[in-house]
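Reckoned from all heavy atoms, side chains included, excluding hydrogens, waters and symmetry mates. The sequence lines fix the lettering, A, B, ..., with proteins before strands; numbering per chain opens at 1. Source: prediction; values computed, not measured.
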2 protein chains.
Amino acid sequence: MKDAAAAVAAPSPADTAALETSFIRSLVRQIRAHDTTGMWDQKPDTALLAPFVLTREQRRQIPIIADPDAKVLWRLEQFYDAVALLISDEAGVIATPMLQLSREGYGRVVVIAGMLVVLSRQLRDVHRFGFDTLTHLAAEGEGLVAAGVAAVNRHPEVALA
Amino acid sequence: MKDAAAAVAAPSPADTAALETSFIRSLVRQIRAHDTTGMWDQKPDTALLAPFVLTREQRRQIPIIADPDAKVLWRLEQFYDAVALLISDEAGVIATPMLQLSREGYGRVVVIAGMLVVLSRQLRDVHRFGFDTLTHLAAEGEGLVAAGVAAVNRHPEVALA
């Protein structure tokens with residue numbers, strides 16, 4: 001995929017609102033934490049997030065035969081790192097993600113706090129990881145965070161073990 | 001490492017007892033389950049287990065710079081698969097292992113039952129994964145199984161969630 005910065009369109013009103021959600025802010029913070037040389041300082045958040053957004057048609061065009069691209073795996077990690085970070089903030093625990101992927105793009109991700117699995121998802125077609133819009137990205141992230149926080153609240157003594 | 005079958009010495013009395021532990025029997029069952037062509041039918045258990053046993057000196061000679069050998073990763077997986085299998089049997093849950101390794105041989109392994117992390121270990125120098133004797137292998141495995149079963153018993157409602 002080419003550098004997305006040049007191609008970023010102005011976000012829709014819904015996407016503009018999505019940019020202000022705590023999930024997208026956490027994701028952007030997570031991504032920028034990797035920018036130790038300041039190379040992305042001039043890049044707007046929308047440019048950093050652009051590769052997370054793929055239309056259905058774009059997804060369909062990505063082959064799922066070879067190993068997933070290193071960049072898509074990096075984005076997958078950033079996404080679940082952001083989920084874990086926000087669960088940590090909101091539930092007052094230390095939550096960390098663990099990813100286990102097969103070469104074929106199948107796998108499992110869990111977020112763990114103490115001895116509690118606060119989130120567990122099967123992954124497939126990791127090659128095509130992406131969201132229709134920023135609004136979908138925010139909604140999916142917020143949903144996972146809410147589920148994780150609820151799990152902590154059901155078993156706080158296990159999450160703090 | 002060359003095929004260990006030719007070089008296997010008769011086990012010591014302690015190791016003979018270790019071969020009868022439920023952990024080693026579970027590990028052997030686990031290993032033989034991969035032998036779909038019957039190639040190992042004639043191999044005694046001691047031959048299959050021989051690569052799990054490394055003297056201190058042998059371990060020291062394995063470089064920890066390059067990626068861990070595929071065979072050592074396979075043995076690591078078999079070991080934790082056997083741990084998870086035995087926890088499942090003894091605690092009446094469905095426990096599965098998850099391994100996350102960096103290229104440098106560091107990582108983390110967890111065994112998960114339901115929403116409970118029944119076991120969590122940091123791994124390092126995975127390149128050198130091995131045990132002084134079969135007795136040590138059995139003791140380490142049984143210890144992990146006992147810890148996992150105890151964790152299930154502390155939080156059965158989470159392990160069955």
query = If Ile, Leu, Val, Met, Phe, Trp and Tyr residues are connected whenever their side-chain heavy atoms lie under 4.5 Å apart, and connections chain through other members, are V93(A) and L86(A) in the same group?
reply = yes

ask   = Is the backbone of I87(B) close enough, under 3.5 Å, to the side chain of E90(B) for a donor and an acceptor to pair up by distance?
value = no

Those residues that, when tested against W74(A), pass ring pair (Phe, Tyr, Trp, His ring centres under 6.0 Å) (two or more places apart) = H34(A)

query = Does atom CD of E57(A) have more than 12 heavy-atom neighbours from other groups under 6.0 Å away?
reply = yes

ask   = Do the side chains of L76(B) and L123(B) get nearer than 4.5 Å, heavy atoms only?
value = yes

message = Just to be sure I understand the criterion: a residue of residues 19-26 of chain B counts if one of its heavy atoms is under 4.5 Å from a heavy atom of chain A. Which ones qualify?
response = none

ask   = Between K71(A) and P51(A), is any pair of side-chain heavy atoms under 4.5 Å apart?
value = no

key: Carboxylate-amine/guanidinium contact D35(B) R29(B), below 4.0 Å   = no

V53(B) reachable from L48(B) in the ILVMFWY side-chain graph, under 4.5 Å edges = yes

request  = State, with a plain yes or no, whether a side-chain heavy atom of F52(A) is found less than 4.5 Å away from one of I31(A).
outcome  = yes

ask   = With a 4.5 Å limit on heavy-atom distance, are the side chains of M98(A) and R108(B) in contact?
value = yes

query = If every non-hydrogen atom of P11(A) is compared with every non-hydrogen atom of D15(A), which pair is closest and at what distance?
reply = CB-CB, 3.8 Å

query = Can you find a pair of side-chain heavy atoms, one from L101(A) and one from L73(A), that are under 4.5 Å apart?
reply = yes

query = In residues 146-161 of chain B, which residues are in contact with chain A at a heavy-atom separation under 4.5 Å?
reply = A151(B), R154(B), H155(B), E157(B), V158(B)

inquiry  = Between D45(A) and R32(A), does any side-chain N to carboxylate O distance fall below 4.0 Å?
reply    = yes

message = I need the contact set between residues 124-142 of chain B and chain A: heavy-atom distance under 4.5 Å, sorted by residue number.
response = none

inquiry  = Heavy-atom pairs under 4.5 Å with chain A: which of V110(B), L119(B), V118(B) has the most?
reply    = V110(B)

ask   = Side chain, backbone, both or neither: which part of I112(B) has a heavy atom under 4.5 Å from chain A?
value = side chain

inquiry  = Any non-hydrogen side-chain atom of V109(A) less than 4.5 Å from a side-chain atom of V83(A)?
reply    = no

query = Side chain, backbone, both or neither: which part of L99(A) has an atom under 4.5 Å from a heavy atom of chain B?
reply = both

